[in-house]
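What follows is one structure encoded as structure tokens, with my remarks underneath.
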Amino acid sequence: MSILTVTLNPAIDISYPLEYFHLNTVNRVAQVGKTAGGKGLNVSRVLKELGADVVATGFADDILGAEIVKNLKNEGIDCRFTKISGKTRNCIAILHEGQQTEILEKGPRILREEAKGFIDNFKAILAEVEAIAISGSLPDGLQETFYSALIAIANKQEKAVVLDCSGSTLEAVLKNSHKPSVIKPNLEELTDLLGKEVTLENIKDSLQDKLFDGIEWIVVSLGKEGAFAKVSGEFYRVKIPKIDVVNPVGSGDATVAGLVYGISQNETVGNTLKRANVCGMLNAQEAKTGHINKANYQALFDQLKVEKI
């Protein structure tokens, strides 16, 4: 069985590495990097590198969207995107003097019939998959309840859903009666959701807020401090070793890949939490976002500690 990844607002990620970035004049770029981008696509790549069969879906036009599909297929990822009349976006990163300046296009507006077509496509794919990872923002034209609609369909077929989104989109899901299996907020996102500062000192009480009722797994990223998790009413602290970070971008997506993979394989809670954090760390050690070096996997896995609190 495969794992399904959902990326509703993918992009072509363009990177312009410059020694210096000058405003109000011409900047010439010798090397340009272009890749299929979006949180769910990073999840897809890491899952593929873990050895999973992956199906990627979302919305894509017939120009940049077709380029994204071609890119993913070249990496051995099965693509089932719904075509749209709007334009798939570009996201530009200007890398200069140790800094990164981003220019992010908003993306297309999804029409009602395109949303319906996606739902039909989603239902058809579910029979082939064991678990689902839903990542990122909702494009214009979709109601905030769209993720809840997908979760309701998945729950009906008893498919685990790992959801990685934030802000009002996540809040809308949490207030809906249809719950995902897993959410992965950080401390800042928890603070925004609950309207009070969440720290390591009060995180245990915070995760017992009624807003999180019905969520089996809540995995809170703590960056270099590891993670804190509530799983089926039990609490866990994940401690990670210090590593040399090359590029932290996409580490959260790699963590999602580890979570959905572990759950799809019925791994123990401890091993799934270890796998997820190892994937995040391995991604941070790579220059290219959404990739891991499996040669270093076991050594890091053995160094992680998961304690039940």
Side-chain angles (χ1 to χ4, degrees), residues 2-17 29-95 100 102-108 110 114 117-118 121-122 125 128-129 132-139 162 164 246-258 260-261 279-280 282-294:
S2 301
I3 296 173
L4 175 64
T5 64
V6 176
T7 314
L8 297 183
N9 203 9
I12 293 290
D13 283 348
I14 305 172
S15 63
Y16 294 142
V29 183
Q31 294 181 321
V32 179
K34 295 186 179 182
T35 58
K39 292 174 67 62
L41 303 190
N42 292 333
V43 175
S44 301
R45 292 189 185 95
V46 174
L47 282 170
K48 192 67 183 177
E49 291 176 350
L50 286 172
D53 292 324
V54 186
V55 180
T57 190
F59 294 106
D61 71 1
D62 56 3
I63 302 173
L64 293 181
E67 194 65 29
I68 287 172
V69 169
K70 179 182 176 182
N71 185 299
L72 293 173
K73 285 184 174 179
N74 286 342
E75 297 185 55
I77 295 169
D78 185 4
C79 295
R80 314 276 186 90
F81 283 76
T82 297
K83 284 195 175 183
I84 54 171
S85 56
K87 300 301 180 186
T88 298
R89 62 185 179 147
N90 286 306
C91 289
I92 298 169
I94 303 168
L95 313 174
Q100 180 166 315
E102 295 187 353
I103 302 170
L104 309 180
E105 295 180 12
K106 191 174 185 179
I110 306 302
E114 293 167 346
F118 179 87
N121 184 37
F122 182 79
I125 298 170
E128 307 171 33
V129 304
I132 304 144
I134 301 176
S135 305
S137 61
L138 291 171
V162 179
D164 185 19
V246 176
N247 176 20
V249 178
S251 290
D253 305 327
T255 300
V256 168
V260 73
Y261 184 90
C279 287
L282 289 175
N283 177 91
Q285 292 179 305
E286 295 292 311
K288 196 172 180 182
T289 298
H291 290 278
I292 61 173
N293 182 353
K294 281 190 71 178

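Contact between N283 and P248 at its shortest, heavy atoms only, is ND2-O, 4.1 Å. Closest of all the heavy-atom pairs between A133 and V43 is CB-CG1, 4.1 Å. The heavy-atom pair separating P17 from Q31 by the smallest distance is CD-O, 3.0 Å. Between N9 and P108, the shortest heavy-atom distance links the atoms OD1-CD, 3.5 Å. Between A11 and I68 the shortest heavy-atom distance is O-CD1, 3.5 Å. Considering every non-hydrogen atom in both T5 and S44, the closest pair reads OG1-OG, 2.6 Å.
Of the inter-residue distances, the one linking L72 atom CG with L41 atom CG reads 5.0 Å to the nearest 0.5 angstrom. Note that CG of L8 is 8.0 Å distant from CD1 of I110, once rounded to the nearest 0.5 Å.
Counting heavy atoms from C-beta on, the side chains of N293 and Q285 never come closer than 4.5 Å. The shortest side-chain heavy-atom distance between E128 and S2 does not fall under the 4.5 Å cut-off. Looking at heavy atoms from C-beta onward, I292 lies in side-chain contact with L50 at the 4.5 angstrom threshold.
With hydrogens and angles disregarded, no donor-acceptor distance shorter than 3.5 Å links the side chain of N42 to the backbone of G252. No donor-acceptor pair under 3.5 Å is formed between the side chain of R80 and the backbone N or O of N121.
Partners of T88 according to the side chain to side chain donor-acceptor pair (under 3.5 Å) rule, which considers only residues two or more places apart in sequence or in another chain, are D61. Every residue was checked against the side chain to side chain donor-acceptor pair (under 3.5 Å) condition with T255, not counting sequence neighbours, and none meets it. Partners of N90 by side chain to side chain contact (heavy atoms under 4.5 Å, CB included), not counting sequence neighbours, listed by chain and number: I12, I14, L64, E105. Under the rule for a side chain to side chain contact (heavy atoms under 4.5 Å, CB included), the partners of A52 that lie at least two apart in sequence or sit in another chain are I3, L47, V54, Y261. Taking the salt bridge (Lys or Arg N to Asp or Glu O under 4.0 Å) definition, one finds that D62 meets it with nothing, sequence neighbours left out. Under the rule for a side chain to side chain donor-acceptor pair (under 3.5 Å), the partners of S85 that lie at least two apart in sequence or sit in another chain are E114. Residues meeting the side chain to side chain donor-acceptor pair (under 3.5 Å) test with S135, sequence neighbours left out: none. With sequence neighbours excluded, the residues forming a side chain to side chain contact (heavy atoms under 4.5 Å, CB included) with V249 are N247, T289, listed by chain and number. Remark: Q100 engages A93, L95, E102 in a side chain to side chain contact (heavy atoms under 4.5 Å, CB included) (not counting sequence neighbours).
Legend: salt bridge (Lys or Arg N to Asp or Glu O under 4.0 Å) pairs involving residues 32-59, not counting sequence neighbours, sorted by first then second residue: K39-D164, K39-D253, R45-E75. Listed by first and then second residue, the ring pair (Phe, Tyr, Trp, His ring centres under 6.0 Å) pairs that reach into residues 35-85 are F59-F118, sequence neighbours excluded. Note on residues 29-55: no pairs pass ring pair (Phe, Tyr, Trp, His ring centres under 6.0 Å), not counting sequence neighbours.
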| task | Begin from the C-alpha positions of T35 and D13 and carry the test side chain to side chain donor-acceptor pair (under 3.5 Å) through to its verdict. | result | CA-CA 5 Å; T35 58; D13 283 348; 4.6 Å; no

